[in-house]
Number of protein chains: 2
Amino acid sequence: MFTTLDNLAGPGPQPDQDARTRVLECAYRLFYRHGLRATGIDRIIAESGVAKASFYRHFPTKQALVEAYLDLRHARWMGWMESRLSAAPDARAWLAALPDALDDWFRAPGFRGCAFINGHAEAGTEAPAMTVTHKRELAARIARACAEAGLAPPDEVAADLLLATEGAIVRAQMEGADAARGPLLRAFARVLAGPERAAA
Amino acid sequence: MFTTLDNLAGPGPQPDQDARTRVLECAYRLFYRHGLRATGIDRIIAESGVAKASFYRHFPTKQALVEAYLDLRHARWMGWMESRLSAAPDARAWLAALPDALDDWFRAPGFRGCAFINGHAEAGTEAPAMTVTHKRELAARIARACAEAGLAPPDEVAADLLLATEGAIVRAQMEGADAARGPLLRAFARVLAGPERAAA
DNA sequence: CAGAAAAGAGACAGGTCTGTCTATATGCTT
DNA sequence: AAGCATATAGACAGACCTGTCTCTTTTCTG
């Protein structure tokens, strides 16, 4: 599994890979960089150096390629996050390190926001299920850490941390990593400060 | 100025309006509902009941129409927010009421997230400047309220509130208003609780 | 080695996209 | 009444879109 930010951005297609991999890596880069609708099949075929018939053998429709792209992105992103936070000695430290990890991501070259937020924004209700599933799995992972860290109720704390995470992603995308860093760190610090969280 | 949520969603084109207004109202609905790229000029022309030449007289390119749409959306959204919060007796109450106002918006029929976040997600660096400008003006408005409410430093507090706002918009878009409400209320309550905010 | 699966190259179809053009009708202003 | 801006109606161009098809070559496997 890819665990570096460079690989998160995508290694790009390489000649010695098989046709399916070349197409998928190429789509991975172009879909993230330019968006789903803005990226045409023809361009992916041209840049991946694959024949059209070969493309349609592996991906019967563009939609299938989009879904494969989001699946791959999900696997890589989660893998990167786990790897980036694997040094944390316990769940509490894991949660405390999450904002720094996100900040690294925001500063990685080619950062253009969250592929799932962007995909959902573009496709709306017709967006692949992974756009929502990714967020649910992230929420579940954070909730697990909250439970292990003794932060109760874990689902509620996780929802609070996810809200801050989403906000930071959008802020970083529109205004840059510097604009997101401070508010994100403070939001996490406040949520993790203790159970004396204000009720609605 | 339009001040209701229904009008925020758009009144739609009406026969007695002039051609430019009919086009713009139609674009307003379609761009928000289906996205920028997914909405073709031909469809806007057909649904607004305008001749193609008339369209291109008022909007030399599609990009110009997109910009006009975002300008209008900005004006209406800010107008709606001010109207919705005009009953607040002071700046403190104004800030405290913001999450409820946002929650109303999330629950309005046809809610599909923030037009500026969505537009930026779709068009990236080529997105119209208004996608970013809108957020800056909203941040400035919140910062003004923070200053009036004696929350210091106002820009920092405003950035914290904006982060929560953006996160809530995205959560509401992907998971529904119910998922966003609790975390948003708690985030605001924490930030507004006092100046003893944890440092990074 | 022989057959099958996969890949390459590219023509083609049918649709949609933005934007231009011609021709005609309507309504306002002077 | 004349002229002009604006409207309608719709053909048209040229590009791009997804997806299908044919034909040849390579590569893998039994």
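Residue numbers start from 1 in every chain, and the chains themselves are labelled A, B, ... in the order their sequence lines are given, proteins ahead of strands.
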Check the angle between the aromatic planes of B:H134 and B:W77 and answer parallel, tilted or perpendicular using the 30° and 60° thresholds. perpendicular
What class does the angle between the rings of A:F111 and A:W105 fall in, given that below 30° is parallel, 30 to 60° is tilted and above 60° is perpendicular? perpendicular
Under 4.5 Å between side-chain heavy atoms, hopping through other hydrophobics if needed: is there a path connecting B:Y69 to B:I44? yes
Should the pair B:R144 and B:W94 be classed as cation-pi, given the thresholds of under 6.0 Å to the six-membered ring centre and 45° from the axis? no
For [N], does either OP1 or OP2 sit under 4.0 Å from a side-chain N or O belonging to [X]?
{"X": "A:R22", "N": "C:dA6", "result": "no"}
{"X": "A:S54", "N": "C:dA6", "result": "no"}
{"X": "B:H58", "N": "D:dA7", "result": "yes"}

By side chain to side chain contact (heavy atoms under 4.5 Å, CB included), which residues pair with B:E175, not counting sequence neighbours? A:V132, A:R136, B:R171, B:A179
Within this structure, what is the CD1-to-C1' distance between B:I45 and C:dC17, rounded to whole angstrom? 11 Å
Write down the distance between CZ (B:R57) and C1' (C:dG19), rounded to a whole number of angstrom. 15 Å
Output a table of donor-acceptor pairs, distance under 3.5 Å, between side-chain atoms of residues 113-129 of chain A and any protein atom two or more places apart or on a different chain; print 'none' if there are none.
{"unit_1": "A:N118", "atom_1": "OD1", "unit_2": "A:Q173", "atom_2": "NE2", "d": "3.3"}
{"unit_1": "A:N118", "atom_1": "ND2", "unit_2": "A:R112", "atom_2": "O", "d": "2.9"}
{"unit_1": "A:N118", "atom_1": "ND2", "unit_2": "A:C114", "atom_2": "O", "d": "3.4"}
{"unit_1": "A:H120", "atom_1": "ND1", "unit_2": "A:T131", "atom_2": "OG1", "d": "3.4"}
{"unit_1": "A:E122", "atom_1": "OE1", "unit_2": "A:L36", "atom_2": "N", "d": "3.2"}
{"unit_1": "A:E122", "atom_1": "OE2", "unit_2": "A:L36", "atom_2": "N", "d": "3.3"}
{"unit_1": "A:E122", "atom_1": "OE2", "unit_2": "A:R37", "atom_2": "N", "d": "2.7"}

Letter per nucleotide, 5' to 3', of nucleotides 9-30 of chain D [B base touched, S only sugar-phosphate touched, - untouched; heavy atoms, 4.0 Å]: BB-------BBBB---------
